[in-house]
Amino acid sequence: MADEPDPHDGPAVPPVSAADEDIAPPASDDIAGEPELGEDILGPDAGPDPAPVPERRKEPDEGEEDERGYDDLRRVHQLVNNNFYGAVDASGAAFGFGAVSSPGLAPGTIEPEEMNRALRFYVPPRPCFDEALGKLRKDAFVVLTGEDSCGRGAGSLALLREILGEEARLRSLSPANALAELAASRDLKPGQGYVILDYVGELNVEAVQAYSIRRLSEELGRKGSYLVMTAGGTTRRRLALRDHCVPWRAPDPLELFEHCRDRLPRSTLAPDIERELRERVGEQRRPADIVAAAEVLSREGAEKALDTLRDRCRELVRELFHKQPCADDLIPLAALAFLEGIPERTFEKQCAVFAAFVRDWEQSGETPAAEPDSEGRTALRGAVAQQSRARWKERAVGLVTTEHRSGPSRNAGRGERYLVFTEPRVREFVIAELHELYGYELWYPMRQWLAEMALVGDLGTRTEVARGVALLARHALAEVDENMLKVWSEGLISQRVTAALTLQFMCDTEHLAPQALYIALGWAENSGPRRAVTSAMALTGRLGSLYRLDALNQLWLLMHRGERIAFSAHRSLVLLLQSAEQDPERALLILRYVRTMIAQAAPGSKERSIALRTAIQLLRAERPEAPEPITSALLRTAPDSARHLGSLWADVLHSGHRSRAVGALCRTLVQLRDDPSVTGAVRALGEAIRNAMSAPQWAALCHHLSIALRHPDYAIPGARELAQVLLGSLRGRPPGNSRRTTASLIPTTPFPSAQGGRST
């Protein structure tokens, strides 16, 4: 076997863990998938790789569908990369739109600086804060329940800081399955504070029982550690947690506002202005809104603060719906809430489809969608003569506008009109009003229409449908999950991609992010291969970025399933690495995780074969926006990646994947040949490879790479010189006992052309 040590092999690569993060892969309980054929059967120098065995596919059409789905995901990630992964400066944002994630939302360590920043203006709500603090001191464990955005997250940090001190480093845990794992864990650290924000429960409903909670409380108390959880109000009905729950309330808005003003530069206000400010503040229910208003008051003055509190954008939307728009106005506005930002001609076509669904529903004899009774019904009559485009100036004054945008790259000179809301928040407010004011008579045909868009719409249309459904989930999560996501996740590939994108867009809302994770993990639990593939797709993008370890562990488990599911899991992991290029910390975590998988797998085992296959796919992956190896981009942007990449290369270089590993190494050197800034990283890469190899293996690699670099695709000026930095002089020959034929390491078919072309 390729993984059996020979007398010249050095020690195995030890597991490598991220700082403060356990990245050991979970034990698999599902290894029903067949091992990959034609892989991992050669010794370190055993000659050519075997000819690939034709794959046995029971569902060839399904495999092709999945491939198209991943192409769609990659295109969406490229288009919205900044939205998913970029840092957002929301210091001046009103009402938290686009705000940076709160400390603790993503599992990991919460540093004291983050905690102090989050609690800068904190006011403990009484008496619930004192009650929770008493329970925490007594049981070392408390659950804060209540409405979303009432300050539960900040309250959890404040409670732990009160007990452990301002310099405490807290640990945030995953909101899905974390409690069961923690209750069964023997690795609780002494004096540690733990938080689980927006706990959604366990996939196995029997996973956490009252006796497990008692044991967890006792173990926390014995070690002087504490756990605070936040959850929705329904958690109070769970018997295992009932005795540990404290209903949470937001602090008094005026008290919080004055507290913020005392800590910010203060200016004198006219009595009437101050009176209106206090009236507006008293109407607010979200602490984050009050803090935002106080900061705007300090920074930009009273008028801007009043504008923030009045929120003219929300008022305009409410005024429009207060007038009870007729169907001719309601239907296009409702459609735009789910299809903003697509070409106007496409929008009009899809809007007509929606109108047809509404008309069919009304003609069935039920109540019309727009009017409370049938009198005066005007829906869709005389549609051709209505000058519908001109009516936007009347139907949505101040809310909707048109933009001229360029088309795709091949039609760059052919711009066209797009309908968009004047502010991003208008879309959210419109969906909120639709949900608040209209019932089954509107939402039944709306669901039919959205299902149609998810099935037959182009990628741009389906992406906007996913954004709109994610906004709807803020108000109707159960309905979205049951009537849309659950159905789409098992449908055709267009529907499944739409479902996966919806979960990723749900992560833009903090209290929905844990729910998105819970739903994605549930799709992989005995729900059939289609939903398992959809789960793998959903764990890319924003969801996989936020819950990194959960995503890696789930994909690792899926790699042990059947061929189709395993293939999708590998594709998802590659896509995660591709999207992590601008986030070196996340990219390094992925590389460390795969190193650990290889190191912990027994030689010759299926687990090691899967891990090696994963490693070679990562090493051969290209950047999503350019034909360049992702490895070269990582060596440029994250020099620390050299030792992790070197370890992976060393493992696959003496396995059945050797020829592809050599090709991937050559492509990386060719791409970096003109960049002097990476010389140190390339040298570190060579040292990492050499440290993981025996002397004969290292000498053989020098010889094989020397031959490979003579291939026309790699014989480019500068590549050989950079290889000398990697390996030292390439002129030497390997020792006599390693002089076996190396022709097998150069494939008989040409390598894929390297960027830069052939040398001339």
Side-chain angles (χ1 to χ4, degrees), residues 310-342 344-403 417-450 452-453 464-465 467-469 471-472 474-476 479:
R310 292 170 183 147
D311 198 0
R312 184 58 180 162
C313 176
R314 187 192 298 266
E315 290 180 357
L316 282 173
V317 174
R318 287 179 174 172
E319 288 173 5
L320 185 149
F321 281 96
H322 180 72
K323 297 175 182 177
Q324 296 187 1
C326 65
D328 294 336
D329 291 341
L330 174 66
I331 289 174
L333 187 64
L336 188 62
F338 291 89
L339 291 182
E340 183 189 14
I342 67 173
E344 187 175 41
R345 57 193 173 93
T346 305
F347 170 76
E348 290 174 340
K349 174 184 176 182
Q350 306 302 357
C351 188
V353 175
F354 180 30
F357 277 114
V358 173
R359 181 172 56 247
D360 291 345
W361 171 244
E362 291 181 345
Q363 290 177 350
S364 69
E366 300 292 342
T367 302
E371 294 83 19
D373 54 56
S374 59
E375 295 182 6
R377 184 184 306 177
T378 62
L380 308 178
R381 292 181 180 177
V384 173
Q386 286 184 359
Q387 297 185 348
S388 60
R389 292 185 178 179
R391 285 200 60 179
W392 280 111
K393 297 178 181 179
E394 302 173 4
R395 64 163 59 108
V397 178
L399 298 179
V400 179
T401 186
T402 57
E403 293 181 355
R417 295 207 314 178
Y418 289 71
L419 278 173
V420 296
F421 290 113
T422 53
E423 292 186 32
R425 291 185 303 143
V426 174
R427 187 176 190 177
E428 173 191 351
F429 296 152
V430 168
I431 289 177
E433 291 296 318
L434 289 171
H435 176 263
E436 180 70 20
L437 300 176
Y438 296 90
Y440 194 72
E441 67 276 3
L442 173 67
W443 286 105
Y444 177 75
M446 176 80 82
R447 286 202 307 268
Q448 290 181 305
W449 174 67
L450 291 172
E452 180 81 2
M453 296 303 97
E464 292 308 315
V465 166
R467 289 186 196 274
V469 173
L471 291 174
L472 177 61
R474 300 182 184 186
H475 312 281
E479 179 180 347

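Residue numbers start at 1 and run along the sequence shown. Just so you know, these numbers come straight off a predicted model, no measurement behind them.
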>> Looking at every non-hydrogen atom in both residues, tell me the closest pair between Arg312 and Glu319 and how far apart they are.
In response: NH1-OE2, 3.2 Å
> Is there a side-chain contact between Asp360 and Gln363 (heavy atoms, below 4.5 Å)?
Replying inline: yes
> Just wondering, do Phe321 and Glu436 contact through their side chains at under 4.5 Å, heavy atoms?
Replying inline: no
> How long is the gap from OH on Tyr418 to OG1 on Thr402, to the nearest 0.5 Å?
Replying inline: 12.5 Å
> Would you say Leu399 and Phe429 make side-chain contact, with heavy atoms under 4.5 Å?
Replying inline: no
> Would you say the side-chain atoms of Arg417 pair up with the backbone N or O of Glu403, donor to acceptor, closer than 3.5 Å?
Replying inline: no
> When rounded to the nearest 0.5 angstrom, what is the spacing between CD in Glu433 and OH in Tyr438?
Replying inline: 9.5 Å
>> Glu452: which residues meet the side-chain hydrogen bond (donor to acceptor under 3.5 Å, both in side chains) condition with it, sequence neighbours left out?
In response: none
> Would you say the side chain of Val465 lies within less than 4.5 Å of the side chain of Leu339, judging by non-hydrogen atoms?
Replying inline: yes
> Hey, are the side chains of Phe357 and Arg447 touching, using non-hydrogen atoms and a 4.5 Å cut-off?
Replying inline: no
> Hey, are the side chains of Phe421 and Leu333 touching, using non-hydrogen atoms and a 4.5 Å cut-off?
Replying inline: yes
>> Can you give me the closest heavy-atom contact between Glu340 and Leu419, atom names plus distance?
In response: CG-O, 4.0 Å
> Do Phe354 and Leu450 have side-chain heavy atoms sitting under 4.5 Å apart?
Replying inline: no
> Does Leu437 reach the side chain of Gln324, with side-chain heavy atoms less than 4.5 Å apart?
Replying inline: no
> How close do Pro332 and Cys351 get, heavy atom to heavy atom, and via which atoms?
Replying inline: CA-SG, 3.7 Å
>> Looking at every non-hydrogen atom in both residues, tell me the closest pair between Leu472 and Ile431 and how far apart they are.
In response: CA-CG2, 3.8 Å
> To the nearest 0.5 Å, how far apart are CG in Asp329 and CG in Leu320?
Replying inline: 7.5 Å
> Using the ring of each side chain (for Trp, its six-membered ring), is Trp361 parallel, tilted or perpendicular to Tyr444, with breaks at 30° and 60°?
Replying inline: tilted
> How long is the gap from CG on Leu336 to CD on Gln350, to the nearest 0.5 Å?
Replying inline: 13.0 Å
>> Can you tell me how far apart CD1 (Ile331) and CH2 (Trp449) are? Round to the nearest 0.5 Å.
In response: 10.5 Å
>> Within this structure, what is the CZ-CG distance for the pair Phe338 and Leu434, rounded to the nearest 0.5 Å?
In response: 7.0 Å
> Under a 4.0 Å N-O cut-off, is there an ion pair linking Glu464 with Arg467?
Replying inline: yes
>> For a quick test of reading the model, state the closest non-hydrogen atom pair linking Ala337 to Arg427 and the distance between them.
In response: O-NE, 2.7 Å
